[in-house]
Amino acid sequence: MTALKEGESVRVRFAPSPTGFFHIGSARTVLFNWIFARQRGGSFILRIEDTDSERSKPEYEEDILAGIRWLGLDWDEGPDKSGPFSPYRQSERREFYKKYLEKLLEEKKAYFCFCSKEQLEIDRQNMLAQGIPPKYAGRCRNVPEKESEERRKRGDSSVIRFASPETEIEFNDIVRGKVKFDVSLAGDIIIAKGIDEPLYNFAATVDDEMMNITHVIRGEEHLSNTPKQIILQEALGFRPLKYAHIPLILNPDRTKMSKRYLESSVRDYREQGYLPEAVANFLVLLGWHPKDDREILSLEEILSGFDIKRVQKAGAIFNIEKLNWLNSQVIKNKNVSETLDLLRPFLKEKNISVGDDFVKKVITAEKERLKTLRDFLELAGFFFELPDYEPKLLIWKDNSSSATKTSLRESEKILNVLPEENFIKEKIAAALQQPIEKMGRGAVLWPLRAAVSGKKASPDPFEIIEILGKKETARRLEKAIEKINSVIA
Ligand code: GLU
């Protein structure tokens, strides 16, 4: 499949345009490239495609680099490292593109086009009216050299078009198999806005050659760019490359993944409290699965099991439930100290500053229920600050307010005399056995749980009380009694 020449090693690249935050779909592309390189002892190159100076921003580039690192992945050559083919930012490589543009112009394989937008639109409408698929009509292909030069000197605006051959291009995609395109349908594509302003297809083709790239692994949305890049390679006398176009990521309703439905940048997921191991695990399953259908995979297991030839052609559905489940599994497998460290930024965000020992107890109580780290704030927030709640929350089924008060008073009395050192859940449960027998489990434990948590659902009250300790439990019970009093009065 790789058909490399002897001694040649695999070189793949991830080539993002830094025009937005690092997208979750791009993260999958990085992962597939990284795995492919690491499995073969090859190199993974990070190339920043920032020729669009208006839309490219340094903060997006930083976000991309940070996102890749967060996922636990690395690159061998890139904008922050020197390498044999530096620089790795296209905005710093304009001289190379210029050289190759000049070569194409000289060889008459490219030409300046002066057609106005209005003219192009008229041509388009005419072709549509004749039932022909619209493409550039080729009007400027034969503008004499001298005239072209004069017009440019005069300041007429122009672009550079590639004189595309009327041909069919066929290539063997590692994922999609044989792919055929009639390039004449695309017409003479624009490859640069000017001699110093190359566009994506051209700059990428030059760089893939100059950086000795062997395999291009990218999203299926780029499939139609491949024949354009192949004809450019052929015109420039470059080496052919191998391609793998990985399937689109789809919303559950099978439409193309969009921000409207799903969080889309890696930083969104990080901020929601997803863990990199879970995200990487989830992403690799978007288009591939191991032979034995295991779902929980470490990066090492992914590295040993992944096979690009088994990547599916069909779109991969982004199932957030699956990500949540994987994330909950990763959290479950962390020990309490690791979880505490992961939670610190979330606690800080909410200005929760209590001792580590206390937080660790809360983590132990809640860990099993967390889908994301952020869930901790929602599920366990009451340990740090009692939320306000309606007095009726304290009432068990159709019990009366005064029976609720009696029950709370009873629990309060028992817990008040229970020595501090006996505030452990088994002893608390044993101490409360007597009123439970008298009034019933629900009638005692429901108001107690509501009083100490202020919530409808929570871990069992004995565990909460143990964590809160004697003083805080007494304070919360007092508050509950005040609340229930207010409805009795
Ligand atoms: N700069 C392109 C993008 O961000 C790269 C596509 C490619 O991998 O060739 O989509």
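In what follows, residues are counted from 1 in the order of the sequence shown. Atom set for the values below is all heavy atoms of this structure, side chains included, hydrogens, waters and symmetry mates excluded. Whatever order the structure lists them in is the order used to number ligands and atoms, beginning at 1.
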Next item on the list: Please confirm whether F32 and F306 have ring centers closer than 6.0 angstrom.
Entry: yes
Item checked: Non-neighbouring partners of R124 that pass salt bridge (Lys or Arg N to Asp or Glu O under 4.0 Å), sequence neighbours left out -> E121
Check: Under a 4.0 Å heavy-atom cut-off, what residues line ligand 1?
Finding: R13, A15, P16, S17, E49, Y200, R218, H222
Next item on the list: Work out which heavy atom in E366 is nearest to a heavy atom in L379; give both atom names and the distance.
Entry: OE2-O, 3.4 Å
Check: Do any pairs count as a ring-ring contact (aromatic ring centres under 6.0 Å, His included) and have a residue in residues 73-121, sequence neighbours left out, and if so which ones?
Finding: Y100-F238
Item checked: side chain to side chain contact (heavy atoms under 4.5 Å, CB included) partners of E321, counting only residues at least two apart -> N319, N324
Notebook entry, point to check: Closest heavy-atom contact between E301 and I296?
Noted result: OE1-O, 3.8 Å
